[in-house]
Amino acid sequence: MPELADVEGFRRLLGGLDGAEVGSVEVMDQAVIRNVDASGFRRALRRRRWRRPERIGKWLLASTDGPTIVFHFGMTGSLIWDATSPSRQGDDRLAFVTDAGELRFRDRRRLGRVYLATSAEEVDDVVGELGPDALGVAAPVFRARLAARRSTIKAALLDQAGVAGLGNFLSDEVLWRAGIDPVTRTDQMSDAQWKALHGSSQSVLRAAARAGHTPRGPRWLTGARWGDPALCPSCGGRLERRTVAGRTSVWCPICQGAESRRASS
DNA sequence: TCAGTTGTTTATAT
DNA sequence: AATATAAACAACTG
């Protein structure tokens with residue numbers, strides 16, 4: 001679930017609490033908090049109020065009038081707001097409880113991580129080497145940072161140190177819309193292909209961020225990738241599925257094949 | 001039992 | 001030095 005678009009949805013959810021009290025913190029699973037213990041976490045957030053949250057790539061910086069909570073959602077993490085019928089599930093790891101309802105960090109597989117940071121430097125240490133956010137990055141920067149990696153374009157898109165926020169589904173989606181085969185080497189891409197890729201990434205990310213998740217509608221590769229058979233929403237041909245850069249990649253060999261490579265170069 | 005799953009880190013090999 | 005690959009982390013589904 002959590003790529004840039006999903007985390008943007010969590011950011012908006014949290015942004016709606018701006019100025020509200022953080023509430024009492026309950027830690028149901030100590031293991032998700034990586035740099036302080038449960039009592040330290042609770043103590044640091046006692047009587048705090050939420051401030052405007054920020055997102056960088058797949059990281060959510062949840063500021064308060066005290067410390068900042070830094071969230072990474074792994075493969076299955078999410079933020080849930082439960083206002084009316086508080087009922088926790090076994091995969092709810094943290095809860096921020098107020099009279100109005102409770103905000104929960106939910107994570108089934110527990111690959112998500114939560115940190116407490118008290119300065120901008122600590123935030124930087126937690127998030128590590130991170131490129132500019134993929135949503136809104138200018139075309140020349142986008143190209144320069146991706147081309148700095150001499151690899152397949154799929155691997156470059158997945159590398160958070162180049163451009164931050166694209167995961168496996170969004171990467172496949174933007175490559176499909178740009179008509180680029182995922183195994184194309186970055187140093188083999190034409191000007192037209194870079195332009196198409198930047199364009200498709202911005203339009204995909206704008207729509208997905210607005211939705212708060214990557215759309216799985218009929219005009220989206222993400223909606224077609226689990227079909228049986230999986231068919232290209234554009235040409236109707238059979239989609240290819242193979243591991244690229246360590247991840248299951250789905251693409252259309254017709255729309256993203258050698259033909260389109262020649263046509264756009 | 002085995003394959004597969006949206007993310008990242010680590011070890012190892014090239 | 002970079003890049004590629006697999007495994008590990010963890011948990012569940014079919």
Side-chain angles (χ1 to χ4, degrees), chain A residues 1-11 28-35 55-60 70-80 89-94 105-115 124-131 133-135 144-176 182-189 201 204-205 208-209 211-217 220-228 230 239-251:
Chain A
M1 225 220 325
E3 300 182 52
L4 182 153
D6 311 279
V7 180
E8 179 61 18
F10 306 148
R11 190 195 65 76
M28 291 83 86
D29 183 357
Q30 161 75 65
V32 303
I33 310 174
R34 301 305 175 97
N35 66 342
R55 181 190 56 74
I56 312 176
K58 304 172 191 173
W59 291 92
L60 180 62
V70 183
F71 288 95
H72 195 289
F73 296 91
M75 300 258 269
T76 54
S78 61
L79 280 184
I80 309 292
Q89 300 183 4
D91 51 359
D92 287 327
R93 312 296 174 185
L94 301 173
F105 176 72
R106 177 173 293 177
D107 186 8
R108 197 167 67 181
R109 279 173 68 183
R110 300 169 79 216
L111 293 171
R113 320 192 285 282
V114 177
Y115 303 83
D124 288 346
D125 287 345
V126 169
V127 304
E129 195 187 349
L130 208 58
D133 193 75
L135 180 55
R145 296 200 62 97
L146 293 176
R149 211 177 190 287
R150 315 292 248 217
S151 64
T152 63
I153 185 61
K154 177 69 186 274
L157 288 169
L158 290 173
D159 183 0
Q160 303 299 297
V163 166
L166 295 163
N168 196 35
F169 295 169
L170 283 170
S171 295
D172 282 358
E173 188 73 46
V174 301
L175 287 168
W176 174 67
V183 300
T184 307
R185 311 293 305 189
T186 55
D187 54 7
Q188 298 294 312
M189 284 172 55
S201 66
V204 162
L205 290 173
H213 57 89
T214 305
R216 297 186 178 184
W220 289 73
L221 181 70
T222 308
R225 64 184 293 142
W226 296 283
D228 186 19
L239 293 170
E240 194 80 32
R241 168 182 293 263
R242 185 150 48 83
T243 298
V244 176
R247 314 299 304 280
T248 300
S249 296
V250 174
W251 74 99

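The chains referred to below are lettered A, B, ... by the order of the sequence lines, with proteins before strands, and numbering in each begins at 1. Note that the coordinates shown come from a computational prediction; the quantities given were computed from them, not determined experimentally. Computation of the quantities below employed the complete heavy-atom set of this structure, encompassing side-chain atoms and omitting hydrogens, waters and symmetry-equivalent molecules.
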**Asked** Should A:Arg247 be listed as having a side-chain N or O under 4.0 Å from OP1 or OP2 of B:dG7?
**Response** yes
* To do: For A:Gly74, report the nucleic acid contact type (base, sugar-phosphate, nothing); a contact means any heavy atom under 4.0 Å.
  => sugar-phosphate
Can you see if the side chain of A:Arg149 gets near the phosphate of C:dA1 - specifically, an N or O under 4.0 Å from OP1 or OP2? no
Listing for DNA chain C: consecutive Watson-Crick or G-U pair runs of at least 3, distance cutoff 3.5 Å, ranges ordered by first number, gives B:2-5 with C:11-14, B:7-14 with C:2-9
- Task: Taking atom P in both B:dT8 and C:dA1, compute the distance separating them and give it to the nearest angstrom.
- Result: 25 Å
Practice problem: Select base, sugar-phosphate, or nothing to describe what A:Thr214 touches, counting heavy atoms under 4.0 Å on all strands. | Solution: nothing
Residues A:Thr214 and A:Ala208: closest non-hydrogen pair is CA-CB, 4.1 Å
The residue, A:Ala148 or A:Thr243, whose nearest nucleotide of DNA chain C is more 5′ is A:Ala148
query = Do A:Tyr115 and A:His72 come within less than 4.5 Å of each other through their side chains, counting heavy atoms only?
reply = no
Check your understanding: Given B:dT8, is OP1 or OP2 found less than 4.0 Å from the side-chain N or O atoms of A:His72?
Key -> yes
Note: A:Arg109-A:Asp91 ion pair, threshold 4.0 Å (strictly below): no
Roughly how many Å apart are B:dA11 and C:dA10, using the P atom of each and rounding to a whole number? 16 Å
Notebook entry, point to check: So does A:Arg150 get a side-chain nitrogen or oxygen closer than 4.0 Å to the phosphate oxygens (OP1/OP2) of C:dT3?
Noted result: no
So, does A:Thr76 get its side chain near the phosphate of B:dT5, meaning an N or O under 4.0 Å from OP1 or OP2? no
**OP:** Could you tell me whether A:Arg109 contacts a base, only the sugar-phosphate backbone, or nothing, with contacts defined as non-hydrogen atoms closer than 4.0 Å?
**Re:** base
